[in-house]
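Note sheet for the following structure.
Throughout, residue positions are numbered sequentially from 1 according to the sequence presented. Reckoned from all heavy atoms, side chains included, excluding hydrogens, waters and symmetry mates.
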Amino acid sequence: MADQLFEAHRGRLHALAYRMLGSHADAEDAVQDVWLRWRAVNIDDIRDVTGWLVRVCSNICLDVLKSARRQRESYVGQWLPEPWMPVIDAEAETNLIERDGLGQAYVLMLERLGPVERVALVLHDVFDWSHDEIAPVIERTENNTRQILFRARRKVNREHDHDPTPVPDSATADKKQVSAFVEALIGGDLSAIIGQLAPDVIMHSDGGGKASASANPIYGAENVARFFVGVWRKKPENAVESIIFDGANYWMLQHEDDRLVTAVCMAQKDGLVVDIFVHRNPDKLAFLAHLGCGCAVLKYVDGFS
């Protein structure tokens, strides 16, 4: 019974840890630590199983976050969270975990926060925990928790035109929006691309020192559009474009000789793209390459269908 109870919560715990840490390996380690602690307690003494598991997982993530920040100081170029990869099938996941906060924009936005702020914001906004439920997890009073959340919300707002923080209240771009962007790009229509972008759009790019990528964010609709058009003109003839859904984002994938080399997803607000995320680090692309083996892939043939 204990094993079955834990497995019923595994998807939720992995999704929670992924939001906190932005890394599947770190998330899996955190869930494994929860499992070890779960096996060491008498579950008959636990009144709220879900609450207990989420609290333990959150505390473990708090510890990991401190070391993860130090590791990213030596990361080459911009850091982006790994693409979301469900640990259970999509149908079951819909019923098990909250779907909000799995997009690139949300997880990258959380990087702006300190560990305690990050845990508090995820528990409140995604898991809908009240202030009095969050307080013991972060070892604060209820009033202090309110203040922490207030400060966290202020921190995630863009402060100026060259602040790389993603728009906090954006939504992931849907298939139609991503398809329109890619089709305009394939057609070399600069005006059509600019028309889909918010004036203050930001392009974030992650190569991890293992693939060429923009070392710094690119700001503004015209600059972003011209960058994409310029890069697109240099792509090899054997490049093939497709679109895939990972459970959180629609991705434009580009393959060369069956090797995934680039993945792009977007966040939108009021119908315009406000953030673009470009993955070229092969370690992170591996997640999408693996996911594509079991998902419907839309390939470009005179348009996506």
Side-chain angles (χ1 to χ4, degrees), residues 5-6 9-43 45-73 79 81-82 84 87 96-159 165-166 168-169 248:
L5 271 175
F6 186 86
H9 288 79
R10 182 178 291 276
R12 170 178 282 126
L13 295 176
H14 184 87
L16 168 64
Y18 167 79
R19 291 179 181 98
M20 304 280 193
L21 307 174
S23 161
H24 287 289
D26 288 342
E28 289 170 4
D29 288 345
V31 173
Q32 182 62 21
D33 285 346
V34 178
W35 163 249
L36 293 175
R37 298 187 190 188
W38 171 254
R39 292 299 302 271
V41 300
N42 183 354
I43 63 172
D45 295 334
I46 300 175
R47 294 183 180 180
D48 178 6
V49 169
T50 300
W52 188 94
L53 291 170
V54 169
R55 279 193 294 273
V56 171
C57 187
S58 299
N59 282 321
I60 290 170
C61 289
L62 275 172
D63 294 334
V64 176
L65 278 169
K66 298 171 185 177
S67 59
R69 289 184 178 278
R70 287 196 294 272
Q71 292 168 6
R72 284 173 199 156
E73 289 176 0
W79 178 91
E82 293 169 354
W84 167 246
V87 296
L96 278 175
I97 67 170
E98 295 76 357
R99 301 300 296 270
D100 295 335
L102 290 170
Q104 290 276 293
Y106 187 83
V107 179
L108 183 59
M109 177 200 74
L110 293 174
E111 285 293 301
R112 186 72 173 264
L113 304 177
V116 170
E117 295 168 329
R118 187 167 183 159
V119 170
L121 193 65
V122 170
L123 290 178
H124 187 270
D125 287 3
V126 179
F127 287 81
D128 199 29
W129 278 32
S130 62
H131 296 95
D132 63 311
E133 291 173 315
I134 299 170
V137 176
I138 60 175
E139 298 181 338
R140 301 292 194 278
T141 65
E142 183 177 342
N143 187 50
N144 285 340
T145 300
R146 293 178 186 277
Q147 295 173 358
I148 288 169
L149 283 167
F150 176 77
R151 288 196 301 269
R153 296 190 197 290
R154 290 204 312 180
K155 280 188 179 182
V156 297
N157 290 322
R158 286 183 181 173
E159 296 178 350
T165 305
D169 55 350

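Under the rule for a side-chain contact (heavy atoms from CB on, under 4.5 Å), the partners of Asn157 that lie at least two apart in sequence or sit in another chain are Pro168. Take Thr50 and apply the side-chain contact (heavy atoms from CB on, under 4.5 Å) test, not counting sequence neighbours, and it matches His9, Arg12, Asp48, Val54.
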>> Assess the residue pair Arg112 and Glu159 against the criterion (salt bridge (charged side-chain N to carboxylate O under 4.0 Å, His left out)); give the C-alpha distance rounded to whole Å, side-chain angles, the decisive distance to 0.1 Å, and a yes or no.
In response: CA-CA 12 Å; Arg112 186 72 173 264; Glu159 296 178 350; 3.2 Å; yes
>> Assess the residue pair Leu149 and Leu121 against the criterion (side-chain contact (heavy atoms from CB on, under 4.5 Å)); give the C-alpha distance rounded to whole Å, side-chain angles, the decisive distance to 0.1 Å, and a yes or no.
In response: CA-CA 6 Å; Leu149 283 167; Leu121 193 65; 4.0 Å; yes
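Summarising the local packing, CG of Asn42 is surrounded by more than 12 heavy atoms from other residues, nucleotides or ligands at distances under 6.0 Å.
Judged by distance alone, with hydrogens and angles left aside, the side-chain atoms of Glu117 form no donor-acceptor pair with the main-chain N or O of Arg151 at under 3.5 Å. Of the possible polar contacts, one joining the Arg158 side chain to the Thr165 backbone as a donor-acceptor pair under 3.5 Å is found.
Here the CD-CG distance, from Glu139 to Asn144, works out to 12.5 Å after rounding to the nearest 0.5 Å. Distance check, rounded to the nearest 0.5 Å: CD1 of Ile138 to CG of Asn59 gives 10.0 Å. Here the CE atom belonging to Met109 is positioned 13.0 Å from the CD atom belonging to Gln104, to the nearest 0.5 angstrom. Atom CE of Met20 and atom CG of Leu62 lie 7.0 Å apart (nearest 0.5 Å). Atoms CD and CD, on Glu133 and Glu142 in that order, are 10.0 Å from each other to the nearest 0.5 Å.
Inter-residue side-chain proximity for Arg153 and Asp125 is flagged as met; some heavy-atom pair is nearer than 4.5 Å. For the pair Trp84/Arg19, no side-chain contact is recorded, criterion being any heavy-atom separation below 4.5 Å from C-beta on. Residues Trp129 and Val137 form a side-chain contact, since some pair of their non-hydrogen atoms from C-beta on lies under 4.5 Å apart. Using a 4.5 Å heavy-atom threshold, the side chains of Tyr106 and Val122 count as touching. Ile46 has its side chain within reach of Trp38: a pair of non-hydrogen atoms, C-beta onward, lies under 4.5 Å apart. Using a 4.5 Å cut-off on side-chain heavy atoms (C-beta onward), Phe6 and Arg10 make contact. Side chains of Trp52 and Ile43 form no contact here, defined as non-hydrogen atoms less than 4.5 Å apart. With a 4.5 Å cut-off on side-chain heavy atoms, Leu123 and Arg118 do not count as touching.
When every heavy atom of Ala27 is checked against every heavy atom of His14, the shortest pair comes out as CB-CE1, 3.8 Å. Nearest heavy atom pair, residue Val119 against residue Ser58, reads CG1-CB, 3.9 Å. Minimum interatomic distance between Leu108 and Pro166 (heavy atoms only, all atoms of both residues): CD2-CG, 3.8 Å. Between Ala120 and Ile148, the shortest heavy-atom contact is CB-CG2, 4.3 Å.
Applying the salt bridge (charged side-chain N to carboxylate O under 4.0 Å, His left out) test to residues at least two apart or on different chains, the pairs with a partner in residues 32-43 are Asp3-Arg39.
Ring geometry for His24 against Tyr18 counts as parallel: the plane angle stays under 30°, on a 0 to 90° scale with 60° as the upper cut.
Salt bridge status for Asp132 with Arg146: absent, with no side-chain N to carboxylate O gap under 4.0 Å.
If you check the side chains of Arg140 and His131, you find no donor sitting under 3.5 Å from an acceptor.
Just one of Asp29, Asp26, Leu16 meets the side-chain contact (heavy atoms from CB on, under 4.5 Å) condition when paired with Leu21; it is Asp26.
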